Amino acid sequence: MSDQPLVLAVPSKGRLQENASAFFSRAGLKLVQKAGGREYRGTLAGVPGVEVRYLSASEIAGQLASGAAHLGVTGEDLIRETLPDPSASVELLTPLGFGHASVVVAVPQAWIDVRAMSDLDEVASEMRLRQGKRLRIATKYVNLTRRFFAEAGIADYRIVESLGATEGAPASGSAEIIVDITTTGTTLAANALKILDDGVMLRSEANLVASLKAQWGETARGALRTVLGRIAAEERARTTREVRAGLPESGAIDLASLAALHEAELPYGAPRGPDGEIVLRCPADGVFDLSDALVQAGARAVTVRRIDYAFQAENPLAERLLARL
Ligand SMILES: Nc1ncnc2c1ncn2[C@@H]1O[C@H](COP(=O)(O)OP(=O)(O)OP(=O)(O)O)[C@@H](O)[C@H]1O
Ligand SMILES: O=P(O)(O)OC[C@H]1O[C@H](OP(=O)(O)OP(=O)(O)O)[C@H](O)[C@@H]1O
Ligand SMILES: [Mg+2]
């Protein structure tokens, strides 16, 4: 029981699928789908103790909440919608830089006087008073909507649960307004809807999420360290550059302060010899300042490189999660 494999839940369809598999392969984690293709299961090449499950983004949120999956990629919107108290059952390990979308309150463009939530409050009260009807909101984000409207102090409304084509609801007459996810705004505009000025409920992107409810036995913990170690190594490599410099007799410059000033690290420590080459790692946008500073400090030559992976003994992502289990 305690030694079950780590279950990694990966989007099987929809917008997150392609980006998610690209993300894993960048980190040197090759998803291998089992032969047959029918079964939505697989493995990670060369990483024992992992079972990959292909699921829809919303199922992934549910499985992380229940503990059926240990680790998964899904939208923050789905985590916040599906879980009443996300921090109690999952840890959002890191945003992934894709799947950007906002959950918004949108009303018909024809409602020219309605620009903010406070205007909507008036509309809702008037509808209730004059017509004895409640403002209808079409959405699949039922929980996020209830929370957001409660915070805005609006209570005169009714949710009409929508399972697709939500933007069509006002035109078809099944609701007055909608709450839905948008990226480019094209679908809203095509349906003559506009976002309220203070109607952005959540800015979401895909996240790597870990379950606090799953059984974390030895096998799962071991696999977690490997998987998160590679992900962190890729991220560190992508956001930093390696800077090498040949310095004259050391001692002349205070390497530690120079590194600190440029947010650089000395991953292998200070040079040992009197004429040693030094290796630094600094943020990608800081390479020119650091190189100039090294030349000014007497460096004969400075080389800057992109790196593929930067592994480190510390595994901050894994440690953060393990500390909570
Ligand atoms: N423009 C977008 N519209 C919808 N979702 C987006 C968009 N951009 C990114 N996403 C993210 O992708 C997640 C999954 O959406 P997607 O539509 O791909 O799933 P799906 O497989 O179609 O599921 P469903 O059938 O329930 O919509 C969203 O919850 C959101 O986090
Ligand atoms: O702001 P935009 O860039 O126009 O994107 C928003 C649209 O994309 C999503 O639908 P999707 O295509 O995923 O279809 P679905 O509703 O069937 O999931 C979402 O539900 C919106 O309808
Ligand atoms: Mg969709």
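Each ligand, and each atom within it, is numbered from 1 in the order the structure gives. All of these numbers come straight from a predicted model, not from anything done at the bench. The figures here come from the full heavy-atom set of this structure, side chains too, leaving out hydrogens, waters and symmetry mates. By convention here, the first residue in the shown sequence is residue 1.
- Under 4.0 Å is where a charged nitrogen must lie from a carboxylate oxygen, and between Arg53 and Glu51 at least one such pair does.
- Close approach of ligand 1 to Gly75 (heavy-atom distance below 4.0 Å) involves ligand atoms 31 (O).
- By the 3.5 Å distance cut-off applied to N or O atoms, Thr182 is counted among the residues near ligand 2.
- Considering backbone and side-chain N/O atoms, Asp77 comes within less than 3.5 Å of an N/O atom of ligand 1.
- Less than 4.0 angstrom separates some heavy atom of Ala57 from each of these atoms of ligand 1: 14 (C).
- Salt-bridge check for Glu234 with Arg236: failed, with every basic side-chain N at 4.0 Å or more from each acidic carboxylate O.
- The contact set between ligand 2 and Thr187, taken as ligand atoms under 4.0 Å from a residue heavy atom, comprises 2 (P), 4 (O), 5 (O), 6 (C), 7 (C), 22 (O).
- Of the N or O atoms in Thr182, none lie within a sub-3.5 Å distance of an N or O in ligand 1.
- Below 3.5 Å of separation, one finds no N or O of Gly164 facing any N or O of ligand 2.
- Atom numbering of ligand 1 starts at 1 in the shown order; those under 4.0 Å from a heavy atom of Ile181 are 3 (N), 4 (C), 5 (N), 30 (C).
- Under a 4.0 Å N-O distance rule, the pair Glu91/Arg320 qualifies as a salt bridge.
- Proximity to Ala101 (heavy-atom distance under 4.0 Å) selects the following atoms of ligand 1: 7 (C), 8 (N), 9 (C).
- At a threshold of 4.0 Å, the pair Glu265-Arg281 counts as salt-bridged, since one of the basic side-chain nitrogens sits closer than that to a carboxylate oxygen.
- The Gly14 neighbourhood of ligand 1 comprises atoms 18 (O), 21 (O), with distances under 4.0 Å to a heavy atom of that residue.
- Contacts with ligand 1 closer than 4.0 Å are made by side-chain heavy atoms of Lys140 only, the backbone lying farther away.
- Distances from atom 20 (O) of ligand 2 to the heavy atoms of Thr186, Asp180, Leu163 show the closest one on Asp180.
- Considering backbone and side-chain atoms alike, Arg15 places an N or O below 3.5 Å from some N or O of ligand 1.
- Other residues, nucleotides and ligands place more than 12 heavy atoms under 6.0 Å from the CZ atom of Arg324.
- Distances from atom 21 (O) of ligand 1 to the heavy atoms of Glu205, Lys13, Glu76 show the closest one on Lys13.
- A salt bridge between Arg128 and Asp156 is present, with a side-chain N of the basic residue lying under 4.0 Å from a carboxylate O of the acidic one.
- The pair Glu151-Arg147 fails the salt-bridge criterion, with no side-chain N (NZ, NE, NH1 or NH2) lying under 4.0 Å from an Asp/Glu carboxylate O.
- Near Ile181, meaning under 4.0 Å from one of its heavy atoms, ligand 2 places the atoms 6 (C), 19 (C), 20 (O), 21 (C).
- The closest side-chain donor-acceptor pair between Ser291 and Asp289, if any, does not fall under 3.5 angstrom.
- More than 12 heavy-atom neighbours from other residues, nucleotides or ligands sit within 6.0 angstrom of CD on Glu319.
- At a heavy-atom distance under 4.0 Å, no atom of Ser56 approaches ligand 1.
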Does the pair Ser25 and Lys30 meet the rule for a side chain to side chain contact (heavy atoms under 4.5 Å, CB included), with working shown?
-> CA-CA 5 Å; Ser25 64; Lys30 188 164 180 263; 6.0 Å; no
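- Every atom of ligand 1 with a heavy atom of Gly99 under 4.0 Å away is listed here by number and element: 9 (C).
- Annotation for Glu18: atom CD does not count as buried by contact number, only 12 or fewer foreign heavy atoms lying within 6.0 Å.
- Comparing heavy-atom distances from atom 8 (O) of ligand 2 across Arg15, Glu167, Lys13 singles out Arg15 as nearest.
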